[in-house]
Amino acid sequence: QVQLVESGGGLVQAGGSLRLSCVASGRTFSTYAMGWFRQAPGKERRFVAAISRYGLNTLYADSVKGRFTISRDNAKNTMYLQMNSLKPEDTAVYYCAAKGGGSAYYPLSDDYNDWGQGTQVTVSS
């Protein structure tokens, strides 16, 4: 099991940028495939981006492709989500997730074993 803590959320105007961080503790970070998901009020949790254990492979939802960048620094036990050109429809609680033993990237929430508590991102128009 790994403990995950997100940070970096906040209020930003449309067109602005934010960088989310997810710090992991408890197990060897590089053994986990990681992902970002988001959940808007009244909606299901949706996939945003995923990254393989050593960051060699990434996957993005079509809605964020070209605007968001997922990355990780295994030496710092940290995953990032750089969000540029933000839109009001990006408003949601953003969650990071970890999958132990995964060798690829994973877009389904059911693939993940551990979740953070979430960080709120609000984009005003």
Side-chain angles (χ1 to χ4, degrees):
Q1 188 177 8
V2 62
Q3 290 76 46
L4 305 171
V5 178
E6 304 97 333
S7 63
L11 173 64
V12 64
Q13 289 188 331
S17 298
L18 284 174
R19 188 176 80 155
L20 306 184
S21 298
C22 172
V23 178
S25 61
R27 298 292 292 269
T28 304
F29 185 60
S30 61
T31 64
Y32 288 84
M34 300 292 294
W36 286 100
F37 290 77
R38 66 186 181 186
Q39 187 168 19
K43 296 189 176 181
E44 295 182 349
R45 188 173 297 184
R46 291 179 179 266
F47 170 73
V48 175
I51 189 167
S52 57
R53 287 188 296 174
Y54 296 103
L56 298 179
N57 301 103
T58 58
L59 180 69
Y60 296 92
D62 287 343
S63 58
V64 307
K65 200 172 295 183
R67 299 187 298 122
F68 290 12
T69 302
I70 188 172
S71 62
R72 65 190 294 164
D73 184 341
N74 287 349
K76 296 182 178 180
N77 289 356
T78 303
M79 176 180 66
Y80 304 97
L81 185 68
Q82 177 66 44
M83 305 186 295
N84 298 329
S85 303
L86 283 161
K87 305 175 181 179
E89 51 263 44
D90 294 319
T91 296
V93 177
Y94 283 70
Y95 298 90
C96 66
K99 173 180 171 56
S103 61
Y105 46 71
Y106 301 87
L108 301 179
S109 58
D110 288 347
D111 288 327
Y112 293 88
N113 311 108
D114 300 296
W115 294 82
Q117 83 290 348
T119 185
Q120 176 70 47
V121 171
T122 302
V123 184
S124 63
S125 57

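What you see is a predicted model; the values in this text were computed from it and never measured. Counting begins at 1 with the first residue of the sequence.
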Just grab all the disulfide bond (SG atoms under 2.5 Å apart) pairs involving residues 38-125, residues at least two apart or on different chains.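 Counting only pairs at least two positions apart or across chains, the disulfide bond (SG atoms under 2.5 Å apart) contacts touching residues 38-125 are C22-C96.
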Side chains of [X] and [Y]: closer than 4.5 Å at any heavy-atom pair?
{"X": "Q3", "Y": "S25", "answer": "yes"}
{"X": "L20", "Y": "M83", "answer": "yes"}
{"X": "M79", "Y": "W36", "answer": "yes"}

Atom pair [atom1]/[atom2] of [X] and [Y] - distance to nearest 0.5 Å:
{"X": "Q117", "Y": "S7", "atom1": "CD", "atom2": "OG", "value": "8.5 Å"}
{"X": "D73", "Y": "S71", "atom1": "CG", "atom2": "OG", "value": "8.5 Å"}
{"X": "L56", "Y": "R72", "atom1": "CG", "atom2": "CZ", "value": "10.0 Å"}
{"X": "T119", "Y": "L18", "atom1": "OG1", "atom2": "CG", "value": "9.0 Å"}

For [X] against [Y], the heavy-atom pair lying closest together:
{"X": "L4", "Y": "A24", "answer": "CD2-CB, 3.7 Å"}
{"X": "A14", "Y": "S125", "answer": "CB-CA, 4.4 Å"}
{"X": "A50", "Y": "Y105", "answer": "CB-CB, 3.8 Å"}
{"X": "A40", "Y": "T91", "answer": "CB-O, 3.7 Å"}
{"X": "V93", "Y": "G118", "answer": "CG1-CA, 3.8 Å"}
{"X": "L59", "Y": "P107", "answer": "CD2-CB, 3.8 Å"}

Group every Ile, Leu, Val, Met, Phe, Trp and Tyr by side-chain heavy-atom contacts under 4.5 Å, then state whether [X] and [Y] land in the same group.
{"X": "F68", "Y": "M34", "answer": "yes"}
{"X": "F29", "Y": "L81", "answer": "yes"}
{"X": "Y94", "Y": "Y112", "answer": "no"}
{"X": "W115", "Y": "V121", "answer": "no"}
{"X": "Y80", "Y": "Y95", "answer": "no"}

Look at the side chain of [X] and the backbone N and O of [Y], then say whether any donor-acceptor pair between them is shorter than 3.5 Å.
{"X": "T58", "Y": "I51", "result": "no"}
{"X": "S63", "Y": "A61", "result": "no"}
{"X": "N77", "Y": "V23", "result": "no"}

Please lay out, stage by stage, how Q1 and D114 fare under the test side chain to side chain contact (heavy atoms under 4.5 Å, CB included). CA-CA 7 Å; Q1 188 177 8; D114 300 296; 3.3 Å; yes
Side chain to side chain contact (heavy atoms under 4.5 Å, CB included) between R46 and F37, intermediate numbers included: CA-CA 5 Å; R46 291 179 179 266; F37 290 77; 5.9 Å; no
Ion pair R38/D90, N-O distance below 4.0 Å: yes
Report yes or no: do S17 and N84 form a side-chain donor-acceptor pair below 3.5 Å?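 Yes, N84 and S17 have a side-chain donor paired with an acceptor closer than 3.5 Å.
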In chain order, what residues pass the side-chain hydrogen bond (donor to acceptor under 3.5 Å, both in side chains) check against Q120, with sequence neighbours excluded?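 For Q120 the side-chain hydrogen bond (donor to acceptor under 3.5 Å, both in side chains) partners, ignoring immediate neighbours, are T122.
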Would S30 and R53 satisfy side chain to side chain contact (heavy atoms under 4.5 Å, CB included), going step by step from the backbone distance to the final call? CA-CA 5 Å; S30 61; R53 287 188 296 174; 5.6 Å; no
Before we go on, tell me: are the rings of Y106 and F47 under 6.0 Å apart, centre to centre?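 Between Y106 and F47, the centre distance exceeds or equals 6.0 Å.
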